[in-house]
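Down below is the structure, laid out as structure tokens.
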Amino acid sequence: MKHQCHNVLLLMGNAETIAAIKQSLLLEPTSAKPVLDFSLLLPPPKTLQQTKRNHAFLQQLKRWRTQHWSTASNGVLTHKEETETSLQLNFSTIWSPAIKVSQAVMARWPEVVCVYQYHNAKACLWGLAWQQNDQGYRHEQMSEYLKTTLF
């Protein structure tokens, strides 16, 4: 994948909540590894769930995803670690992080400890967001040095 943004989403909570979050983010086919699917948590409207797709349709779907997920496509799961009370998903997205997906997780399950970090070296972008006990923090930065040197 070109221009990858590397993402790590760490969630800690009770077993029932972690199971619910897992069902809201992962498809688990029986014969293959799990697939990260943001549309389980934030589904596109029915008009964008067609199987027959042309270029105009795909552009409209990408715009919707970017607006509602902060990235144009699903993440590609690169690593998953889990216990009964925690879930860590490492995944890559194209160019931008899945900020609105992490915000949706935090909003739906405010009782869960959530840490989300991401970086894209080519875009000089990195960020960190966390939530614990309904308290949140978010930091995002593009290095001033890199912006003036590279751009």
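None of these values were measured; they are calculated from a predicted model. Values below: every heavy atom of this structure, side chains too, minus hydrogens, waters and symmetry copies.
Residues Asn7 and Ser92 have side chains that never bring a donor and an acceptor to within less than 3.5 angstrom of each other. Side-chain contact, His119 with Gln117: no donor N or O sits under 3.5 Å from an acceptor N or O.
For the pair Glu28/Gln23, no side-chain contact is recorded, criterion being any heavy-atom separation below 4.5 Å from C-beta on. By the 4.5 Å heavy-atom criterion applied to side chains, Leu25 and Ile21 are counted as neighbours. At a threshold of 4.5 Å between non-hydrogen side-chain atoms, the residues Leu36 and Asn74 do not count as touching. You'll find the side chain of Arg65 stays beyond 4.5 Å of the side chain of Arg63, heavy atoms only. Inter-residue side-chain proximity for Trp95 and Thr71 is flagged as unmet; no heavy-atom pair is nearer than 4.5 Å. Looking only at side-chain heavy atoms (C-beta outward), Lys80 and Lys22 come within less than 4.5 Å of each other.
Across Leu9 and Phe91, no two heavy atoms sit closer than the pair CB-CE2, 4.2 Å. Of all heavy-atom pairs between Ser86 and Met12, the closest is CB-CG, 3.9 Å. Considering all non-hydrogen atoms of both residues, Leu11 and Cys114 come closest at CD2-SG, 3.6 Å. Here the closest heavy-atom approach between residue Leu26 and residue Pro34 is recorded as CD2-CB, 4.3 Å. Here the shortest heavy-atom pairing between Ile18 and Gly13 reads CD1-N, 3.7 Å.
Between the side chain of Ser24 and the backbone N or O of Ala20, at least one donor-acceptor pair lies under 3.5 Å. A donor-acceptor distance shorter than 3.5 angstrom exists from the side chain of Ser96 to the backbone of Ser70, with no hydrogens or angles considered.
Ring geometry for Tyr116 against Tyr118 counts as tilted: the plane angle lies between 30° and 60°, on a 0 to 90° scale.
No single ILVMFWY cluster, assembled from side-chain heavy atoms under 4.5 Å apart, contains both Val8 and Ile94.
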Review item, side-chain donor-acceptor pairs of residues 98-113, under 3.5 Å, at least two apart:
{"unit_1": "Lys100", "atom_1": "NZ", "unit_2": "Gln67", "atom_2": "O", "d": "2.6"}
{"unit_1": "Ser102", "atom_1": "OG", "unit_2": "Ile99", "atom_2": "O", "d": "2.8"}

Pairs of donor and acceptor atoms involving the side chains of residues 38-47, under 3.5 Å and at least two apart or interchain, shall be tabulated with distances.
{"unit_1": "Ser39", "atom_1": "OG", "unit_2": "Asp37", "atom_2": "OD1", "d": "2.5"}
{"unit_1": "Ser39", "atom_1": "OG", "unit_2": "Asp37", "atom_2": "OD2", "d": "3.3"}

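Annotation: the span from Asn120 atom CG to Leu125 atom CG amounts to 6.0 Å, rounded to 0.5 Å.
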